[in-house]
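No experiment lies behind these values; they were computed from the predicted model shown. One-based numbering, in listed order, for ligands and for the atoms of each.
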Amino acid sequence: MGFKVKFVDPGKNYETIKGELDAVYFEVMSKGDLIDREQLKRFEKNLARFVGTKYAVGLNSGYDALHLSLRAAGIGQGDEVIVPAHTFVATCSAVVNAGATPVLVDVGTDFNIDAEKVEKVLTSKTKGIIPVHLSGYMADMVRIMEIADTYKLTVIEDACQSLGSSMIGKKAGAWGLTGCWSFYPFKILGGYGDGGAITTDDPEVALFATRMRYNGEDRETGEYHGHGYTCLLDNIQAAFLDVKLKHLPEWIQRRKKIAEKYFKSLSDLDDLLLPHYNDPRRDHVYQNYTVRAGQGNAFSEFLKEHGIEVLTQFRKPYYKHEALGLRNAGFPETEALSREVCSLPMNAEIEDEHVEYVIECVRKFYKIGKAGAVK
Ligand SMILES: Cc1ncc(COP(=O)(O)O)c(C=O)c1O
């Protein structure tokens with residue numbers, strides 16, 4: 001179905017920076033700079049500077065960033081790692097594939113792990129915690145770092161959805177042993193295929209990831225330092241991402257303006273909870289504008305029928321997928337919000353008139369809904 005208002009619009013985004021992207025494309029293609037060249041190093045330097053860490057290591061995906069972080073921390077067989085019940089499955093799969101056991105914790109009303117519930121699930125086997133900064137809003141890292149310091153836990157931040165967000169002025173991805181990034185095309189910094197990275201202040205973690213992404217090889221000496229993987233960020237992706245990273249601050253400002261507009265025009269609706277939280281310490285970059293709509297499916301279907309592309313992640317929590325073999329109980333907030341979540345179109349390219357149209361349709365739904373025409 002062709003949507004009148006797209007959730008994200010990579011084609012339109014390309015048009016806005018076409019000259020710059022085409023220039024790096026021609027540079028990479030004509031020089032044949034395909035694997036581990038200066039474009040990758042430049043992007044890593046700029047990403048580390050943007051996040052505020054000493055190092056960044058480009059990888060193939062956010063999943064690889066999580067998995068290599070766990071491996072770098074020495075977490076594996078016999079260890080437990082705390083993860084939120086409401087997140088993308090990769091957060092949990094990385095733990096399982098590293099050989100460790102995920103321990104799920106419910107989230108709070110801000111969609112992020114409920115720090116107050118973390119202490120209740122600690123055991124002598126707990127080695128790490130992966131807070132996820134969902135939708136562009138950070139988990140309460142002040143509290144999580146306190147808990148981690150007390151119980152000597154390794155913190156790996158799943159920051160895949162929150163590049164640019166911060167708490168008390170410190171950016172997501174700069175708090176834990178590592179920050180894990182995804183440059184999947186739908187992300188706030190999206191590539192043209194899969195991509196990811198680790199940010200860290202720890203030189204050994206950076207070195208470990210740099211070797212492991214290239215089958216364990218030290219590229220200078222040729223020595224293998226362990227059984228590794230093939231998960232290097234492609235040079236051409238790094239070149240594109242570096243162009244886009246320069247524009248990210250202005251794109252975030254545009255997202256904040258759209259969020260403000262949604263808030264001003266929709267905050268009076270009783271059945272709709274908007275993602276605006278009362279914590280001046282945390283800065284939301286609105287990778288996703290995820291609302292909670294009392295009549296979840298009816299709401300999202302109504303918007304789709306009106307040509308508005310929305311995302312309803314995650315209607316079925318990952319722990320309910322039988323094949324994953326996870327414990328499936330005791331997450332009331334995750335259960336409630338999974339029935340209600342709906343992310344409205346949010347990207348720097350949306351025109352004002354389309355934002356107005358989304359608002360008009362949301363208001364229309366509630367008017368009709370109250371009259372009983374929409375079930
Ligand atoms: C919260 C979260 N964690 C992990 C990932 C995994 O990233 P990737 O798809 O690049 O492997 C994603 C992205 O899809 C994500 O949103």
Side-chain angles (χ1 to χ4, degrees), residues 7-8 10 43 47 56-71 81-98 102 104-105 107-108 110-113 128-139 141 144 155-165 172-173 175-176 178-199 209 212-213 229-234 237-238 240-241 244 275 284-290 311-319 321 324 326 334 337-338 341 343 346-347:
F7 186 71
V8 292
F43 172 62
L47 178 66
V57 181
L59 301 169
N60 193 47
S61 69
Y63 166 81
D64 290 314
L66 290 160
H67 183 234
L68 282 190
S69 296
L70 289 158
R71 293 281 320 276
V81 179
I82 295 168
V83 297
H86 180 68
T87 179
F88 182 56
V89 65
T91 317
C92 180
S93 299
V95 175
V96 174
N97 291 340
L104 280 57
V105 169
V107 293
D110 65 356
F111 301 90
N112 288 322
I113 196 162
I129 176 165
I130 310 185
V132 179
H133 310 312
L134 216 65
S135 297
Y137 190 70
M138 281 182 68
M141 288 307 289
I144 287 164
V155 178
I156 292 167
E157 294 175 74
D158 182 337
C160 289
Q161 296 194 4
S162 288
L163 186 57
S165 67
W175 294 70
T178 62
C180 301
W181 305 101
S182 168
F183 306 122
Y184 182 76
F186 275 30
K187 302 297 185 207
I188 199 162
L189 180 68
Y192 296 91
D194 280 313
I198 278 174
T199 47
M212 286 299 136
R213 70 182 177 176
Y229 308 90
T230 305
C231 57
L232 178 70
L233 179 64
D234 287 334
Q237 292 292 354
F240 290 145
L241 289 165
K244 295 182 94 175
H284 205 322
V285 295
Y286 298 102
Q287 166 165 309
N288 295 321
Y289 194 85
T290 310
L311 214 66
T312 53
Q313 282 181 329
F314 306 95
R315 262 300 176 262
K316 181 174 175 181
Y318 66 92
Y319 55 80
H321 293 250
L324 302 189
L326 298 164
T334 297
L337 69 84
S338 66
V341 282
S343 299
M346 171 57 83
N347 58 73

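In terms of heavy atoms, V341 sits closest to Q313 at CG2-O, 3.2 Å. Listed here is the closest heavy atom pair of P131 and I156: CD-O, 3.3 Å. Scanning both residues, A172 and A159, for their nearest heavy atoms gives CB-CB, 4.4 Å. What you find for V83 and I113 is that their closest heavy atoms are C-CD1, 4.1 Å.
Assignment of H133 to the shell around ligand 1 is not supported, since no heavy atom sits closer than 4.0 Å.
The side-chain heavy atoms of W181 and L189, taken from C-beta on, include no pair separated by under 4.5 Å.
Atom 5 (C) of ligand 1 has its closest protein heavy atom at F88 CD2, 3.6 Å. Here the heavy atom of the protein found nearest to atom 3 (N) of ligand 1 is D158 OD2, 2.7 Å.
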- request: Go through F183 and F240 one step at a time and tell me if the ring pair (Phe, Tyr, Trp, His ring centres under 6.0 Å) criterion holds.
  value: CA-CA 11 Å; F183 306 122; F240 290 145; over 10 Å; no
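Less than 4.0 angstrom separates some heavy atom of K187 from each of these atoms of ligand 1: 12 (C), 13 (C), 14 (O), 15 (C), 16 (O). Remark: ligand 1 atoms within the under-4.0 Å shell around heavy atoms of T91 are 3 (N). When each atom of ligand 1 is checked for a heavy atom of Y63 under 4.0 Å away, the hits are 6 (C), 7 (O), 8 (P), 11 (O). Of all the atoms in ligand 1, the ones that sit under 4.0 Å from a non-hydrogen atom of G62 are 7 (O), 8 (P), 10 (O), 11 (O). In the vicinity of V132, heavy-atom distances shorter than 4.0 Å reach the ligand 1 atoms 1 (C). Remark: ligand 1 atoms within the under-4.0 Å shell around heavy atoms of A90 are 4 (C), 6 (C).
For a threshold of 3.5 Å applied to N or O pairs, the pair formed by Y184 and ligand 1 contains no separation below that value. Residue contacts with ligand 1: D194 is placed with no nitrogen or oxygen under 3.5 Å of a nitrogen or oxygen of the ligand (distance criterion only). Residue S182 has at least one N or O atom closer than 3.5 Å to an N or O atom of ligand 1.
With a heavy-atom cut-off of 4.0 Å, S61 touches ligand 1 through backbone and side chain alike.
Using bins of under 30°, 30° to 60° and over 60° for the plane-to-plane angle, the ring pair F7/F186 lands in the tilted bin. Between H67 and Y229, the angle of the ring planes goes over 60°, which puts this pair in the perpendicular group of the 30/60° scheme.
In this structure, a donor-acceptor pair under 3.5 Å is present between the side chains of Y63 and N97.
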